[in-house]
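Everything quoted here is computed from the prediction, not taken from an experiment. Per chain, numbering begins at 1; letters A, B, ... match sequence-line order.
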Protein chains: 2
Amino acid sequence: MDNDFNKYNEAAEMLKILAHPVRLCIVKGLLENGGCNVSHMQECLGAPQSTISQHLQKLRSAGIVTGSRNGLEIKYTVIDERVKVLLPILFNKR
Amino acid sequence: MDNDFNKYNEAAEMLKILAHPVRLCIVKGLLENGGCNVSHMQECLGAPQSTISQHLQKLRSAGIVTGSRNGLEIKYTVIDERVKVLLPILFNKR
DNA sequence: TCATTATATTTATATATTACGATATACAAA
DNA sequence: TTTGTATATCGTAATATATAAATATAATGA
């Protein structure tokens with residue numbers, strides 16, 4: 001049953017990153033709009049800049065999103081394929 | 001807006017429950033075998049009884065699994081439909 | 001250069017989660 | 001009853017996570 005404990009650890013790591021309302025909101029917004037900068041997220045979520053930035057840092061270091069700078073702004077996009085599949089299912093209306 | 005916020009909170013709550021290697025292993029095992037008792041999980045996972053039982057308590061109070069007693073044993077099964085869909089995707093090999 | 005804007009990092013503190021031994025409960029059989 | 005077995009709950013120390021203010025960096029334009 002537990003041949004591959006790593007498998008469970010990795011999956012749990014990813015879920016742990018997703019398992020926060022602000023991060024879910026960020027990721028869902030990025031998926032639906034194709035990308036977004038930090039200032040816009042701040043407005044939407046009503047959280048201070050440093051808080052948003054720290055959540056983005058987690059998403060980034062987990063390989064879920066990536067940011068590309070364009071002048072002053074940094075535009076974030078979702079790059080993890082599993083997340084692209086999981087999120088719509090998670091928010092599926094039934 | 002409040003509505004949306006609830007949506008993210010609820011989804012995050014569910015993910016947080018799943019986001020633990022032992023609980024993932026339990027749920028995946030239950031899904032694949034159709035059910036299992038605590039003693040068997042203990043053997044498989046090599047964790048003390050109270051630890052397993054506390055993870056089951058979390059899964060139970062989140063409505064992800066339910067247990068039905070049969071004599072001394074309690075057989076657990078997964079009852080959350082989203083989880084039944086999400087887990088196979090999470091562990092899908094590509 | 002300096003000022004401004006967008007984002008990241010550091011630091012401190014508060015809160016939540018985890019693990020596990022000890023103990024309690026539920027049931028069955030003697 | 002009493003004993004043995006399966007599972008649940010309690011107490012709590014160790015660890016992890018969240019938040020936000022303060023500060024730092026990076027890019028741009030005057």
Open item on the list: Return the CG to SG distance between A:N9 and B:C25, rounded to the nearest 0.5 Å.
Closed with: 10.5 Å
Task: Value in whole Å for how far the P atom of C:dA8 lies from CE of A:M41 - done: 9 Å
Task: For atom CD1 of B:I74 and atom C1' of D:dT5, their distance in whole Å - done: 12 Å
Open item on the list: Are B:Y76 and B:L56 packed together at the side-chain level, in the sense that at least one heavy-atom pair is separated by less than 4.5 angstrom?
Closed with: yes
Task: Cationic tip of B:K28 above A:Y8 ring, under 6.0 Å, 45° of axis - done: no
Task: Student check: side-chain heavy atoms of A:L86 and A:M14 closer than 4.5 Å - done: yes
TODO: Quick one: pull up CG in A:L24 and CG in B:L15 and give me the separation to the nearest 0.5 Å.
DONE: 5.5 Å
Task: A:H55 NE2 to D:dA16 C1', straight-line distance once rounded to whole Å - done: 14 Å
TODO: Measure the CD1-CG distance between A:I52 and A:L45 for me, rounded to the nearest 0.5 Å.
DONE: 4.5 Å
TODO: To the nearest Å, give me how far apart CD (B:E73) and P (C:dA28) are.
DONE: 12 Å
Task: Atom pair distance, as rounded to whole Å: CZ in A:R23 and C1' in D:dT17 - done: 8 Å
TODO: Rounded off to whole Å, could you give me the NZ-to-C1' distance for the A:K16 and D:dA16 pair?
DONE: 8 Å
Task: Distance test, side-chain N/O of B:Y76 to OP1/OP2 of D:dA6, below 4.0 Å - done: no
Open item on the list: So if I apply the side chain to side chain contact (heavy atoms under 4.5 Å, CB included) rule between A:L30 and each of A:V65, A:I79, A:L87, which one comes out positive?
Closed with: A:V65
Open item on the list: I want to confirm an ordering. Mapping B:I52 and A:K58 to their closest nucleotides on DNA chain D, which one lands closer to the 5' end?
Closed with: B:I52
TODO: Give a yes/no answer on whether the side chain of A:H20 brings an N or O atom under 4.0 Å of OP1 or OP2 in D:dT19.
DONE: yes
Contact list (N/O, under 3.5 angstrom) for nucleotides 21-30 of chain D vs protein:
| from | atom 1 | to | atom 2 | distance (Å) |
| --- | --- | --- | --- | --- |
| D:dA21 | N7 | A:S50 | OG | 3.3 |
| D:dA21 | N6 | A:S50 | OG | 3.2 |

TODO: For A:Q57 and C:dA8, give me the distance from atom CD to atom P, rounded to whole Å.
DONE: 9 Å
Task: Nearest-neighbour nucleotide for the B:S53 side chain, D:dT7, C:dA19, C:dT9 considered - done: D:dT7
Open item on the list: Can you measure B:L15 atom CG to D:dT17 atom C1' for me and round it to whole angstrom units?
Closed with: 16 Å
